[in-house]
Number of protein chains: 2
Amino acid sequence: MPQSLKTAEIEKSTHQDYFNIAISVDCVIFGYENKDLKVLLIRSDLEEFEGLWSLLGDLIRPDEDIEDAPYRVLKERTGMTNVYLEQVYTFGSLDRHPSGRVITTAYFSLVDILHHQTASNNNELHWHPVSDIKDLAFDHKKILDTCIERLREKIMEQPIVFNLLPDKFSLRQLQDLYEAILGVELDRRNFRKRIMLKNWLVDMNEMEEDVPHRPGKLYKVKNIYKNKTLTATAKEILFAD
Amino acid sequence: MPQSLKTAEIEKSTHQDYFNIAISVDCVIFGYENKDLKVLLIRSDLEEFEGLWSLLGDLIRPDEDIEDAPYRVLKERTGMTNVYLEQVYTFGSLDRHPSGRVITTAYFSLVDILHHQTASNNNELHWHPVSDIKDLAFDHKKILDTCIERLREKIMEQPIVFNLLPDKFSLRQLQDLYEAILGVELDRRNFRKRIMLKNWLVDMNEMEEDVPHRPGKLYKVKNIYKNKTLTATAKEILFAD
DNA sequence: GCAAAAGTGTTAATCTTACACCCATGC
DNA sequence: GCATGGGTGTAAGATTAACACTTTTGC
């Protein structure tokens, strides 16, 4: 950390340069619907990017922990709370924002589209299948690609995809979701074996209903993997060491 | 990205709050010496952290790409250029810096201690074995731990550890290095098989000299894996798409 | 009874781990 | 000649990949 902050503080009185960088967060909000991995976008309100969509983001407030900022953005823009969020990368090239110097930290979020649907019927917001997205405002396509890459790595090891599904789901739904994220087909028997070995799931002893074929068993994720609620500030209070 | 930047710009005239956050980079500079993974630290110059060591960092300049900042810090503080650097995580809790609100992006760097030794004989700088480090100024211990964790994951897949070694090295040296980073012992035969399968190395057809035992063969990493020179700006110029 | 998806096991191939002996050099 | 680390192969175990048939439901 800045050994030279003192120096900077002296300079601050003469020129405000060091404080002429704004910092924002951008949220890649993933959802899953109709066998597509989707991302929630908003119409860009900048002339430079007319007609393009952009990620949801906002400047970080001076009195706000960086980890709290993406929670606030999600809540303010979509009403969603209790979401899974993960920091991915910080983007700060000089020309990434046309209105000034803005460095942004990208987070991805996983939400259950159906459960949150009522909250997000703002007509400036729209769910786009990620495979349809060619270009976005700012450097948001690059941010999106970086987050998809991270998501793909992460779901192989960690029980996070359940945040994209309703509480109860069948193994078929889960496999379709993995296939949508990874962009590959998986063998059904091997997929089931691998998932069961991970020991992430609880058998609900219920079956699918109203399906035009043999119904599948329903599962939920174990409660210990459902720790998605806390903001950074809440975590610090609860788990202070 | 900030849909609300316009809003922020309006507020800027009334209160400078959004620009009262400074952003810095901190570099976890790893080296390898005497079978120890080491990190280059500087004595903290803040009263609050008297006696503690801290990472090398500096505020990002308003006219500087974020990816260039850690290169600049390394060059200014140690004279080192041509180093491997990787962004890891951005830390921004409210109280992490006693002098004000500073959000910092952590990078780790891998350097060959012997090759860079002449440049870093500044007596405020010191190489510390990471296993000896109990506490650091600011949240730098947490930053260090995060970077070590990332380094451990990364060396299993990517040919980056060679940046910590001289150009020519034996398989024994390489294995000792992996063991130092991972903190485990490895089986020699299995290690050699795995490394050779990766196909990262070129046999120099030379042998160690002046060793009090049977000399080992010397290897170097393939040239295609030695792309550590470019700054972000240079990359943009060369690889603009 | 037919369409559609659920459910299930075995085999081959690959990767990983454990392990021991002879060799080349300096002293 | 002895101490030190270099160099090498094989067998057992674990993991992964490929693959097909029967079952249950709605219509």
Side-chain angles (χ1 to χ4, degrees), chain A residues 32-36 152-153 155-159 161-162 165-166 168-221, chain B residues 32-36 152-153 155-159 161-162 165-166 168-221:
Chain A
Y32 175 64
E33 195 178 37
N34 298 330
K35 301 197 179 180
D36 274 325
R152 285 179 177 157
E153 290 166 9
I155 62 170
M156 303 308 288
E157 306 297 333
Q158 298 294 323
V161 290
F162 309 102
L165 291 174
K168 299 177 190 178
F169 51 85
S170 66
L171 289 177
R172 159 63 55 183
Q173 281 176 283
L174 187 60
Q175 182 178 342
D176 285 344
L177 172 54
Y178 268 89
E179 291 180 345
I181 295 173
L182 297 172
V184 296
E185 297 210 335
L186 301 171
D187 178 89
R188 189 161 83 246
R189 279 173 289 193
N190 292 336
F191 175 79
R192 284 165 186 244
K193 260 180 291 180
R194 271 217 307 283
I195 282 290
M196 289 312 183
L197 267 174
K198 302 259 189 203
N199 212 20
W200 291 339
L201 300 184
V202 179
D203 186 340
M204 303 284 289
N205 292 312
E206 291 178 53
M207 305 298 266
E208 287 179 300
E209 287 173 21
D210 302 319
V211 288
H213 55 75
R214 174 175 174 181
K217 286 174 107 171
L218 293 175
Y219 295 83
K220 64 174 185 175
V221 69
Chain B
Y32 175 65
E33 197 178 35
N34 298 331
K35 301 198 179 180
D36 274 326
R152 285 179 177 156
E153 292 166 18
I155 63 171
M156 303 309 288
E157 306 296 333
Q158 298 293 323
V161 289
F162 309 102
L165 290 174
K168 299 176 190 179
F169 51 85
S170 66
L171 290 178
R172 159 65 54 182
Q173 282 176 282
L174 187 60
Q175 182 179 341
D176 285 345
L177 173 53
Y178 268 88
E179 291 179 346
I181 295 173
L182 298 173
V184 296
E185 298 210 333
L186 302 171
D187 177 90
R188 190 160 84 246
R189 279 173 290 192
N190 294 336
F191 176 79
R192 283 163 186 244
K193 260 180 290 179
R194 272 216 308 281
I195 282 290
M196 289 313 184
L197 267 175
K198 302 257 190 204
N199 213 19
W200 292 338
L201 300 183
V202 179
D203 185 341
M204 303 283 290
N205 292 312
E206 291 178 54
M207 304 299 265
E208 289 179 299
E209 285 173 21
D210 301 319
V211 287
H213 54 77
R214 173 173 174 182
K217 285 175 108 171
L218 293 175
Y219 295 83
K220 63 174 183 175
V221 68

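Chain letters run A, B, ... following the sequence lines, proteins first, then strands; residues in each count from 1.
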* Asked: Which residues in residues 212-219 of chain A have at least one heavy atom lying under 4.0 Å from any atom of DNA chain D?
  -> A/Pro212, A/His213, A/Arg214, A/Pro215

* Positions of residues 177-191 of chain B (non-hydrogen atom under 4.0 Å from DNA chain D), listed by number -> B/Arg188, B/Arg189

* What salt bridge (charged side-chain N to carboxylate O under 4.0 Å, His left out) pairs are there with at least one residue in residues 199-212 of chain B, not counting sequence neighbours? -> B/Lys168-B/Glu206, B/Asp203-B/Lys217

* To do: Can you run down the salt bridge (charged side-chain N to carboxylate O under 4.0 Å, His left out) pairs that involve residues 184-200 of chain B, sequence neighbours left out, and say none if there aren't any?
  => none

* Asked: Which pairs pass ring pair (Phe, Tyr, Trp, His ring centres under 6.0 Å) with one or both residues in residues 170-192 of chain B, sequence neighbours excluded?
  -> B/Tyr178-B/Phe191

How many angstroms lie between [atom1] in [X] and [atom2] in [Y], if you round to the nearest 0.5 Å?
| X | Y | atom1 | atom2 | result |
| --- | --- | --- | --- | --- |
| B/Asp176 | B/Leu171 | CG | CG | 11.0 Å |
| B/Asp36 | B/Leu177 | CG | CG | 11.0 Å |
| B/Gln173 | B/Leu218 | CD | CG | 7.5 Å |

* Check whether any side-chain N or O of A/Arg194 sits under 4.0 Å from OP1 or OP2 of D/dT16, and answer yes or no. => no

* Asked: D/dT24 P sits how many Å from A/Met207 CE, rounded?
  -> 10 Å

* Structure fact -> Here the pair of heavy atoms bringing B/Tyr32 nearest to B/Leu165 is CD2-CD2, 3.9 Å

* Residues which pass side chain to side chain donor-acceptor pair (under 3.5 Å) with A/Glu179, listed by chain and number, not counting sequence neighbours -> A/Gln175

* Mind listing the residues from residues 195-203 of chain B sitting with a heavy atom below 4.0 Å of DNA chain C? Number order is fine. => none

* Asked: So what does B/Arg172 touch, heavy atoms closer than 4.0 Å: a base, only the sugar-phosphate, or nothing?
  -> sugar-phosphate

* Asked: Under a criterion of less than 4.0 angstrom to any heavy atom of chain A, what are the 5'-terminal and 3'-terminal contacting nucleotides of DNA chain C?
  -> C/dA4 to C/dT10

* Would you mind telling me which residue lines up with the more 5' stretch of DNA chain C, A/Ser170 or B/Lys193, judged by nearest nucleotide? => A/Ser170

Give every pair of a protein N or O atom and an N or O atom of nucleotides 12-14 of chain D that lie under 3.5 Å apart, one pair per line with the distance.
none

* side chain to side chain contact (heavy atoms under 4.5 Å, CB included) partners for B/Val221, two or more places apart -> B/Phe162, B/Tyr225, B/Lys226

